[in-house]
Amino acid sequence: MNGYDLNSLNEEQKKALLQTDGVVLVTAGAGSGKTRLLTHRICYLIENGVSPYNILAITFTNKATNEMKERVAKMCDRNVWISTFHSMCVRILRENIEFLDGYDKNFTIIAEADRDKILKDLLKKNNLQDDELSRVEGHLDNIKNKGLDIDEYFLSLQEFGNKTDLKNYQKICWQYEEYLQKNNALDFDDLLNKTLFLFNNYKNVLDHYSDRFHYILVDEFQDTNLVQYKLIKLLASKHKNLFVVGDEDQCIYSWRGANFHNIFNLKNDFEDVKTYKLERNYRSTKNILTLANNVIANNNERLKKNLWTDKEDGAAPVIYTAFDERDEAMFVARTIEELVEQGYTYNDFAVLMRINALSRPIEEGLMMSQIPYKLYGGFKFYERAEIKMILSYLSVFVNPKDEISLFKIINFPKRGIGDVAISNLQNEAEDKTVLEYLLSDKFKFSKYHSKLEHFVENIKSLREELDVIPLADFVEKVVKVFKIREAYAGKDEEAINKLGNIDSLISGVQEFVDENGECSLADYLANVMLRSDSDNIQENGFVSVATIHSVKGLEFRVVFVVGLEEGIFPLSRATYSNSEMEEERRLMYVAITRAEEKIYLIHACKRYMYGKSNFQVESRFLKELGIVDKKKPKITAGDDFFRKEKETADAFDSGFHVGDRVYLSRYGEGEIVEVSDDGFVGKIDFDDFGIKEIMLNSKNLEKVEADNG
């Protein structure tokens with residue numbers, strides 16, 4: 001067994017690993033080596049005669065799945081079923097969904113944006129306003145996260161709400177389910193719920209998987225919702241060998257149904273549960289762990305544990321009081337520049353925030369200092385218009401019932417088919433789906449035949465090639481035949497980026513094939529739909545700017561936590577709820593424990609948000625850290641990081657003035673046309689790039705001496 005070494009585990013890890021039979025609960029603090037424990041346990045089971053076929057390991061992110069697969073392959077050279085909950089359910093449904101009326105194995109997984117559009121259309125159809133969307137979504141989330149029956153759920157609300165409203169919402173929930181069924185489509189929650197329904201109602205399906213999996217391992221157990229917990233219970237019902245690793249201190253997803261009480265419920269649902277506690281941290285310095293322990297100790301709903309390490313004390317944590325959000329961004333940028341000069345690389349840094357609304361000034365500060373960064377929790381690659389369009393084209397080749405995708409592509413590029421035409425085509429199709437109708441002989445007599453003739457013929461001819469030519473070649477051919485590149489053609493930067501994204505998508509298809517061997521277009525589309533924005537965090541050469549939710553499970557040498565102010569972190573709504581405040585505190589704990597060596601905790605005295613500037617109160621979490629000496633700003637003229645308000649301060653003198661010719665490596669030569677009142681920012685008209693805002697204290701900005709010759 002290559003790389004498999006039981007002696008590399010500490011005593012607590014080893015005790016948990018050697019308890020091979022029965023139900024085992026491991027409460028694992030942040031950075032305590034749970035991935036190492038899980039992978040070693042898998043290899044230990046295999047070494048002791050368990051077939052890899054009989055082992056199932058469930059994780060919560062694609063990144064964790066891939067890491068665990070790679071480690072197991074390296075350590076014991078075996079293939080084990082390791083996947084996220086949703087990927088596991090897709091695989092089970094592909095094999096069994098035909099037990100459910102109206103579905104087949106070629107089902108489509110719809111995105112959240114598609115769900116919103118379907119619900120908005122249903123609201124309109126029922127003469128309800130768009131502002132009721134959030135209420136309908138809330139009811140749907142409750143139903144699906146808890147695996148409830150629609151009618152029973154609304155019946156239970158009768159005495160608490162407006163009966164007319166509830167009846168309307170109930171009707172829309174059913175119409176939504178019927179629409180998905182007609183389209184052979186599932187949303188993300190359906191992947192879990194339909195699998196649970198199969199297990200509960202088709203004993204042969206449950207028996208097949210519960211017989212197969214003699215040993216089940218679950219990572220991040222605190223993040224399971226009720227449906228996921230029920231799935232695990234059923235899968236483990238035969239052999240009752242269940243090994244779960246979790247940390248209630250890192251439960252930060254209650255808003256999407258996660259219930260850390262599943263950790264406590266486990267003991268009620270299974271007999272003789274063995275519990276082990278991992279408190280040794282391998283990631284962070286003592287000073288960082290002291291902060292984390294101090295903060296989380298203020299929560300009551302937790303199993304008591306105290307992280308410790310044999311690492312050195314490390315650098316003292318820094319609490320920095322910024323004058324405003326601009327000073328906050330300048331401090332982050334300058335600190336990164338200084339640490340890079342000391343040998344750090346850009347991917348060693350993470351700038352973390354509670355809400356995305358804080359990202360703009362941080363991004364501007366990094367751009368002005370020419371620091372490369374990637375923003376996560378923002379606009380994702382697979383949500384770009386050109387990418388979604390190609391994926392919609394591909395989807396109709398997999399699932400002929402998928403009208404959701406068909407109606408996106410039927411008039412792109414433009415073919416003169418608007419909403420009225422689509423409605424007429426639906427009527428003409430009668431009991432068929434529109435695509436089935438388009439492909440039938442009957443369509444030749446439609447008045448829309450001439451407009452869609454080439455579109456239909458291309459679909460017919462490409463369908464014949466789907467399983468014949470390599471997958472990446474098929475995707476390239478779809479792009480070419482339907483003239484998708486031509487639709488985005490242009491010489492401006494946006495058009496160039498869109499064409500580059502299309503090429504990147506096709507490269508991604510080939511990479512998927514290379515990694516997965518024999519795979520279908522349906523496999524690829526499912527993989528895309530289940531991807532997370534956090535899968536690519538920590539790319540080489542970039543500072544990661546992200547929400548705290550996006551970086552759970554990751555680690556960075558240096559972490560900045562910005563926006564530590566009451567109303568932002570913690571959010572204002574948590575002030576009136578003990579449970580929400582405890583979740584905010586768990587978020588703070590997660591943010592702190594991402595740091596390996598250095599941590600900077602920043603709050604601003606003033607912040608411009610939601611259209612106005614307000615004075616801010618520092619977060620209560622800062623007081624809970626236990627640090628006495630806090631670094632306060634020196635609000636003096638000429639200071640690199642802070643400044644007096646415009647009415648009272650002298651402007652910072654950068655040495656650059658309006659009219660100066662300057663050079664910046666990124667943009668070349670230009671002329672300063674404006675300097676901000678505080679002296680820090682200049683508008684520079686670059687000869688080749690036009691006007692850009694640049695920090696005048698940037699070390700990369702140089703004056704160009706006038707040529708007097």
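Throughout, numbering of the chain's residues begins at 1 and tracks the sequence.
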Assess the residue pair D523 and S520 against the criterion (side-chain hydrogen bond (donor to acceptor under 3.5 Å, both in side chains)); give the C-alpha distance rounded to whole Å, side-chain angles, the decisive distance to 0.1 Å, and a yes or no. CA-CA 5 Å; D523 295 331; S520 66; 3.1 Å; yes

Hey, mind stepping through K63 and L554 against side chain to side chain contact (heavy atoms under 4.5 Å, CB included) and telling me if it holds? CA-CA 10 Å; K63 194 178 184 76; L554 303 180; 3.2 Å; yes

Can you confirm if the aromatic rings of F243 and Y215 lie within a centre distance of less than 6.0 Å? no

Least distance between heavy atoms, N262 atom then N225 atom: ND2-O, 3.7 Å

Rounded to the nearest 0.5 Å, what separation is found between the CE atom of M353 and the OG1 atom of T547? 8.0 Å

Can you check side chain to side chain contact (heavy atoms under 4.5 Å, CB included) on E95 and Y209, steps first, answer last? CA-CA 11 Å; E95 296 172 0; Y209 294 101; 2.5 Å; yes

Regarding N293 and T290, do their side chains bring together a donor and an acceptor under 3.5 Å, going by distance alone? no

Measure from the side-chain N and O atoms of E47 to the backbone N and O of G49, and report whether any donor-acceptor pair falls under 3.5 Å. no

Hydrogens and angles aside, do Y589 and N299 bring a side-chain donor and acceptor to less than 3.5 Å of each other? no

Between D104 and E98, is there a donor-acceptor pair closer than 3.5 Å when you use the side chain of the first and the backbone of the second? no

Would you say that more than 12 heavy atoms from the other residues, nucleotides or ligands in this model lie under 6.0 Å from the CZ of R36, or not? no

Taking E220 first and then K34, would you say they form a salt bridge - that is, a charged N and a carboxylate O separated by under 4.0 Å? yes

Sole candidate of I58, T224, L25, I216 that passes side chain to side chain contact (heavy atoms under 4.5 Å, CB included) when paired with V244: L25

To the nearest 0.5 Å, atom CZ of R283 lies from atom CD1 of I288 at 10.5 Å

At their closest point, which heavy atom of N10 faces which heavy atom of Y282, and how far apart are they? ND2-OH, 2.8 Å

Hey, are R280 and D310 close enough for a salt bridge, meaning a charged N less than 4.0 Å from a carboxylate O? yes

Less than 3.5 Å apart, any donor N or O on the side chain of Y153 or N142 sitting next to an acceptor on the other? yes

Going by the rule ring-ring contact (aromatic ring centres under 6.0 Å, His included), which residues pair with F85 if we only count those two or more places apart in sequence or in a different chain? F60

What's the spacing between K305 NZ and L278 CG if we round to 0.5 Å? 9.5 Å

Would you call the rings of H239 and H214 parallel, tilted or perpendicular if under 30° counts as parallel and over 60° as perpendicular? tilted

Taking the basic N atoms (NZ, or NE/NH1/NH2) and the acidic carboxylate oxygens, is any pair closer than 4.0 Å for R586 and E301? no

Hey, what's the ring geometry for F349 with Y344, parallel, tilted or perpendicular (30° and 60° as the breaks)? tilted

Just so I know, are the side chains of L234 and N200 near enough to count as touching, which here means a heavy-atom distance under 4.5 Å? yes

Any salt bridge linking D141 with R115? Criterion: basic side-chain nitrogen under 4.0 Å from a carboxylate oxygen. yes

Rounded at 0.5 Å granularity, tell me how far CZ in R212 sits from NZ in K238. 14.5 Å

Where does the angle between the aromatic ring planes of F99 and Y202 fall among parallel (under 30°), tilted (30 to 60°) and perpendicular (over 60°)? tilted

Modelled atom types, side-chain donor and acceptor of D348 and T345, under 3.5 Å: yes

Do Q222 and Y253 have side chains that approach each other closer than 4.5 Å (heavy atoms only, starting at C-beta)? no

Counting only heavy atoms not in N79, do more than 12 sit closer than 6.0 Å to its CG atom? no

Do other residues, nucleotides or ligands put more than 12 heavy atoms under 6.0 Å from K146 NZ? no

So that I can tick it off, tell me whether R585 and E582 are bridged by a salt bridge, with the cut-off set at under 4.0 angstrom between side-chain N and carboxylate O. no

Y103 and D190: side chain donor to acceptor below 3.5 Å: no

Interatomic spacing from CG in L226 to NZ in K144 - rounded to 0.5 Å: 15.5 Å

Does a sphere of radius 6.0 Å around CG in N578 hold more than 12 heavy atoms from other residues, nucleotides or ligands, not counting ones at 6.0 Å or beyond? no

What are the two closest non-hydrogen atoms of I263 and D247, and how far apart are they? CD1-N, 4.3 Å

Determine whether the side chains of E11 and Q13 contain a donor N or O and an acceptor N or O closer than 3.5 Å. no

May I ask you to say whether K240 pairs ionically with E271, meaning some side-chain N is under 4.0 Å from a carboxylate O? no

Does the Lys NZ or Arg CZ of K374 fall within the cation-pi geometry relative to F542 - under 6.0 Å from the ring centre and within 45° of the axis? yes

CG of L303 to OG1 of T275, rounded to nearest 0.5 Å, is 8.0 Å

Quick one about D514 and Q510 (side-chain donor to acceptor, distance below 3.5 Å, no hydrogens or angles considered), yes or no? yes

Show, in sequence, the C-alpha distance, side-chain angles and deciding distance for I109 and L525, and conclude whether the side chain to side chain contact (heavy atoms under 4.5 Å, CB included) test is met. CA-CA 8 Å; I109 305 168; L525 291 173; over 6 Å; no

So, the side chain of N281 versus the backbone of A30: is there a donor-acceptor pair under 3.5 Å, distance only? yes

Is the count of non-hydrogen atoms from other residues, nucleotides or ligands lying under 6.0 Å from E112 atom CD greater than 12? no

